[in-house]
A.B. asks: 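Starting off with a structure, shown below.
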Amino acid sequence: MYKVMKYWLMKSEPEAFSIDDLERSPKKTTCWDGVRNYQARNFMREMEIADQVFFYHSSTDPSCIVGIAEVVRKAYPDHTALDPEDKHYDPKSTNANPIWEMIDIKLVRKFDHPLTIEELRDVTGLEKMELLRKGSRLSVQPVRPEEWKIVVGLADRKVKSKKK
DNA sequence: GCCAACGTTGGC
DNA sequence: GCCAACGTTGGC
């Protein structure tokens, strides 16, 4: 059965886990643990193998989309929610009902020139992008195909940040 | 460091 | 079920 390729964006604070950390990981692959937001989890449940993901560095200066990864494993229980020693432990989560899930992603490529949130705000066609919505805090979010195309185009043309 | 914009919790 | 209080995210 034909499946439509889906596009996503996932945020990470580079101090916690950066795209360079992903590049250094075995097989350039990591599990995306620690998501504790239902909306974000539900988006991860929708992910299929080979879906494409923007890797975004948040809470840094400047915050930017730094590259592309792809989904290599569908949603499965996040074991860190079950471990009382873990920072992301959630007592509501049990083996019978894990509640929280994660996916695996693999690095596709790093952008030569990361796209800052500042320059993305000025781009025609990205006005409705979830990342740019005021007050948006979703750490896992869908990206429209047309938005994906625009952003990748910008990265490929190596457009640098304009001075205001 | 500030604070807007959330999501969650818990008393009622 | 309402909503105030609280905690968190993340741009600035």
Side-chain angles (χ1 to χ4, degrees), chain A residues 6-23 25 30-47 51-69 71 75-105 107 110-144 146-148 150-155 158-164:
Chain A
K6 288 182 297 238
Y7 301 98
W8 310 93
L9 180 145
M10 301 204 300
K11 300 176 180 175
S12 182
E13 296 187 17
E15 288 76 19
F17 191 84
S18 72
I19 196 162
D20 292 320
D21 292 327
L22 178 59
E23 189 170 42
S25 299
T30 189
C31 58
W32 204 258
D33 60 12
V35 171
R36 297 292 179 269
N37 170 283
Y38 287 102
Q39 210 179 343
R41 181 207 62 184
N42 292 343
F43 283 134
M44 288 200 296
R45 283 180 171 172
E46 288 181 32
M47 292 184 183
D51 277 4
Q52 301 290 111
V53 180
F54 282 137
F55 199 109
Y56 179 78
H57 282 174
S58 65
S59 297
T60 186
D61 189 21
S63 294
C64 39
I65 298 177
V66 290
I68 296 173
V71 177
Y76 60 105
D78 180 345
H79 58 84
T80 65
L82 300 165
D83 177 4
E85 300 297 311
D86 196 279
K87 183 184 164 198
H88 298 291
Y89 174 62
D90 182 353
K92 294 194 299 297
S93 182
T94 62
N95 277 306
N97 182 19
I99 304 180
W100 302 112
E101 296 183 6
M102 58 189 180
I103 47 112
D104 288 357
I105 58 166
L107 180 67
K110 281 169 35 175
F111 290 157
D112 292 328
H113 294 284
L115 301 168
T116 68
I117 192 166
E118 186 195 4
E119 66 189 306
L120 292 174
R121 285 192 193 286
D122 292 333
V123 177
T124 307
L126 300 184
E127 295 85 356
K128 291 181 179 174
M129 198 171 177
E130 172 65 23
L131 178 71
L132 307 179
R133 232 191 71 234
K134 188 179 180 189
S136 171
R137 302 186 332 192
L138 254 187
S139 65
V140 177
Q141 52 184 257
V143 173
R144 297 177 183 84
E146 58 269 28
E147 293 165 347
W148 180 274
I150 291 170
V151 173
V152 171
L154 286 172
K158 302 180 180 179
V159 174
K160 290 185 181 177
S161 175
K162 276 184 221 156
K163 292 281 184 313
K164 277 244 168 115

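Note that the coordinates shown come from a computational prediction; the quantities given were computed from them, not determined experimentally. Naming: A, B, ... by sequence-line order, numbering from 1 per chain.
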A.B. asks: Keeping A:K110 on the side-chain end and A:V66 on the backbone end, is there a donor-acceptor pair under 3.5 Å?
C.D. replies: no
A.B. asks: B:dT9, C:dG11, B:dC6: which one has an atom nearest the side-chain heavy atoms of A:S58?
C.D. replies: C:dG11
A.B. asks: Could you give the OH-to-P distance, from A:Y38 to C:dT8, as a whole number of Å?
C.D. replies: 16 Å
A.B. asks: Contact class for A:R133 (heavy atom, under 4.0 Å): base, sugar-phosphate, or nothing?
C.D. replies: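 Here A:R133 touches the backbone only, sparing every base.
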A.B. asks: What is the distance from CG of A:L120 to P of C:dG11, rounded to the nearest Å?
C.D. replies: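 It works out to 12 Å between those atoms.
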A.B. asks: Does A:K134 make a side-chain N or O approach to OP1 or OP2 of C:dG11 shorter than 4.0 Å?
C.D. replies: no
A.B. asks: Is any side-chain N or O of A:S63 closer than 4.0 Å to OP1 or OP2 of C:dG11?
C.D. replies: yes
A.B. asks: Just how far, in rounded Å, is P of B:dA5 from CD of A:Q39?
C.D. replies: 17 Å
A.B. asks: Using a cut-off of strictly less than 4.0 Å, decide whether A:K92 has a side-chain nitrogen or oxygen near OP1 or OP2 of B:dT9.
C.D. replies: yes
A.B. asks: Between atom CG in A:D90 and atom C1' in C:dT8, what is the gap in whole Å?
C.D. replies: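 It is 15 Å, rounded to the nearest whole Å.
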A.B. asks: Are any of A:Y56's side-chain N or O atoms less than 4.0 Å away from OP1 or OP2 of C:dG11?
C.D. replies: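 It does, given that an N or O in the side chain of A:Y56 lies less than 4.0 Å from OP1 or OP2 of C:dG11.
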A.B. asks: Can you tell me the distance, in whole Å, between the CD1 atom of A:I99 and the C1' atom of B:dT8?
C.D. replies: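 That distance rounds to 14 Å.
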A.B. asks: C:dG10 phosphate, OP1 or OP2: any side-chain N/O from A:K11 under 4.0 angstrom?
C.D. replies: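 It does, given that an N or O in the side chain of A:K11 lies less than 4.0 Å from OP1 or OP2 of C:dG10.
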A.B. asks: Under a 4.0 Å threshold between the charged nitrogen and the carboxylate oxygen, would A:E46 count as salt-bridged to A:K6?
C.D. replies: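 Salt bridge flag = no for A:E46 with A:K6.
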A.B. asks: So, the side chain of A:R36 versus the backbone of A:D90: is there a donor-acceptor pair under 3.5 Å, distance only?
C.D. replies: no
A.B. asks: Could you give the CG-to-C1' distance, from A:L138 to C:dG11, as a whole number of Å?
C.D. replies: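 To the nearest whole Å, that distance equals 16 Å.
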A.B. asks: Look at the side chain of A:R121 and the backbone N and O of A:L132, then say whether any donor-acceptor pair between them is shorter than 3.5 Å.
C.D. replies: yes
A.B. asks: Taking only the side-chain nitrogens and oxygens of A:R121, find out if one of them lies under 4.0 Å from OP1 or OP2 of C:dC12.
C.D. replies: yes
A.B. asks: Tell me whether A:S12 contacts the main-chain N or O of A:F17 through its side chain, where contact means a donor paired with an acceptor under 3.5 Å.
C.D. replies: yes
A.B. asks: Separation of A:E118 atom CD from C:dG10 atom C1', in whole Å?
C.D. replies: 16 Å
A.B. asks: Taking atom C1' of B:dA5 as reference, at what distance in whole Å does atom CD of A:E130 sit?
C.D. replies: 12 Å
